[in-house]
2 protein chains.
Amino acid sequence: MSTDQTRHAILTAAERLCADNSFGDVTLRDIVAAANVNLAAINYHFGSKDALLAEIYIACSIALNRERLAALKIAEDAGQGRARPDEVLRALIEPLLRGCLDPDRQRSASSRFMIRASMESIPTFRRIKNKEVDHLRRFAEAMKRALPEREMADIYWGLHFALAMAHQTINDVERLTKLSDGACDLTDVEGITERIVATSVMTLTGDAQTERATAKAAARRKS
Amino acid sequence: MSTDQTRHAILTAAERLCADNSFGDVTLRDIVAAANVNLAAINYHFGSKDALLAEIYIACSIALNRERLAALKIAEDAGQGRARPDEVLRALIEPLLRGCLDPDRQRSASSRFMIRASMESIPTFRRIKNKEVDHLRRFAEAMKRALPEREMADIYWGLHFALAMAHQTINDVERLTKLSDGACDLTDVEGITERIVATSVMTLTGDAQTERATAKAAARRKS
DNA sequence: GTCTATAGAATGATAGAC
DNA sequence: GTCTATCATTCTATAGAC
């Protein structure tokens, strides 16, 4: 088995195992068993368990960001540098939703690894996660170009809520399926995406409406 | 030190430690050090680490559910058994938001423990988590009474999204603060609650509107 | 009930032969 | 580069003195 084969086998096995279990629960012995390589190979090729996880995280992160930015670029090019709000949102949330929920899951392990990584707080990842903020900022800027009259804080909240809905839908697949007794179809990626996009667009564009609702709710609350 | 004192010290210390660290990272030695009790005391009083965590989880869960249902009851009583949609949502999401984000955090550890527990997937917790579905169902029923014309699937999605936004806002406090450079005030519990409630109410009540937006977005997408 | 002491198992990492 | 063998550590859990 060549060097690259061993490296690749380890990366693939670790990615898949960590997509389904918490990082702490996945041991080096689990990984080498799944990859069919020797225990010492991990430390030889990657140095440590954390370094291995970091390499996977970076690879998945780059792939996800590339996919998102490609979709954003298409939307911006189509609008002469000014994408529609719904297209900005779709570019942000659809890749992960498709990767995690699409039945013919091609990028499944990679996407679920990212979801898992967003929950675990490994010190090694903190530095990498700061890059994620820069990535999000590009979507905030695109949304600001789409909605120039909107304040940045509202745009940040809108993007954050869209991500939150996508993210938690992936995490709570089981609960939502059980709660709705199957009425909510968690395999309908297109439908879910449009539901989240529609909600987010309403919040982002319905300025007067939202503010009125917010104010009214606050007023009611005090009474 | 009396029995109850030791038990209570362990529960408090474990709750606080697990609110800030993943369950796997919190060791029995960490807990006894924080509680100032002996290592063997945990197994004597609780039987095992998992049993201790389960007891904390159940206690926190009961407290949270009680708080939510009390708010729901007030809203339903005020409306002769039919609460307003925004009040149903507020009863659902405000307790956790306040517990986790309010500066004068009284129930902070308990609330953050619940957030943490919702991410960790300990086998022992699966049985308990099924109870959570029953709890959510009561809010779905209350929302159905508030919006009888709405289909149950839409109601489930609406409650799920509201919870998702609240939940992820708590989890992503750091990222959102950094992204917005302080423009999003993560200590303003009332403002955050109203933002989430307004968004969820729009999605839940703007039936024709939402459907039009969803259809339009889908149509645009295909073109 | 509380303590000390330790059993028993699992982990990440490495040294050294091939 | 790959393997075996093993180190050093850490953990939960428990037995038994007090």
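Every chain is numbered from 1, with letters handed out A, B, ... down the list of sequences.
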Asks: Just jot down the salt bridge (Lys or Arg N to Asp or Glu O under 4.0 Å) partners of A/Asp185, sequence neighbours excluded, or say none.
Replies: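 Expected list: none.
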Asks: Applying ring-ring contact (aromatic ring centres under 6.0 Å, His included), which residue pairs with at least one partner in residues 171-192 of chain B are found, sequence neighbours left out?
Replies: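 Of all non-adjacent pairs touching residues 171-192 of chain B, none passes ring-ring contact (aromatic ring centres under 6.0 Å, His included).
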Asks: Write out all pairs satisfying ring-ring contact (aromatic ring centres under 6.0 Å, His included) with one or both partners inside residues 158-185 of chain B, taking only residues at least two apart or from two chains.
Replies: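 Residue pairs passing ring-ring contact (aromatic ring centres under 6.0 Å, His included), neighbours aside: B/Trp157-B/His160, B/Trp157-B/Phe161.
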Asks: Anything under 3.5 Å between a donor and an acceptor, one on a side chain of residues 10-21 of chain B, the other on a protein residue two or more places apart or in another chain? List them.
Replies:
{"from": "B/Thr12", "atom 1": "OG1", "to": "B/His8", "atom 2": "O", "distance (Å)": "2.8"}
{"from": "B/Asp20", "atom 1": "OD1", "to": "B/Arg112", "atom 2": "NH1", "distance (Å)": "2.3"}

Asks: Going by side chain to side chain donor-acceptor pair (under 3.5 Å), name the pairs with one or both residues in residues 61-76 of chain A, residues two or more places apart or in two chains.
Replies: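 Non-adjacent pairs meeting side chain to side chain donor-acceptor pair (under 3.5 Å): A/Asn65-A/His135, A/Glu67-A/Arg107, A/Lys73-A/Asp77, A/Glu76-A/Arg145.
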Asks: Could you write out DNA chain C as a dot-bracket string, with dots for unpaired bases, | for bases paired across to another strand, and Watson-Crick or G-U pairs counted at under 3.5 Å?
Replies: ||||||||||||||||||
Asks: Run the ring pair (Phe, Tyr, Trp, His ring centres under 6.0 Å) test against B/Tyr156 and tell me which residues pass, sequence neighbours left out.
Replies: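 None.
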Asks: Going by the ring-ring contact (aromatic ring centres under 6.0 Å, His included) test, which pairs reach into residues 40-77 of chain A, not counting sequence neighbours?
Replies: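 Checked against ring-ring contact (aromatic ring centres under 6.0 Å, His included) - neighbours excluded - the pairs reaching residues 40-77 of chain A are A/Tyr57-A/Phe125.
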Asks: Return a single string for nucleotides 3-18 of chain C, one symbol per nucleotide in 5' to 3' order, where B is base contact, S is sugar-phosphate-only contact and - is none, cutoff 4.0 angstrom on heavy atoms.
Replies: BB------BBBB----
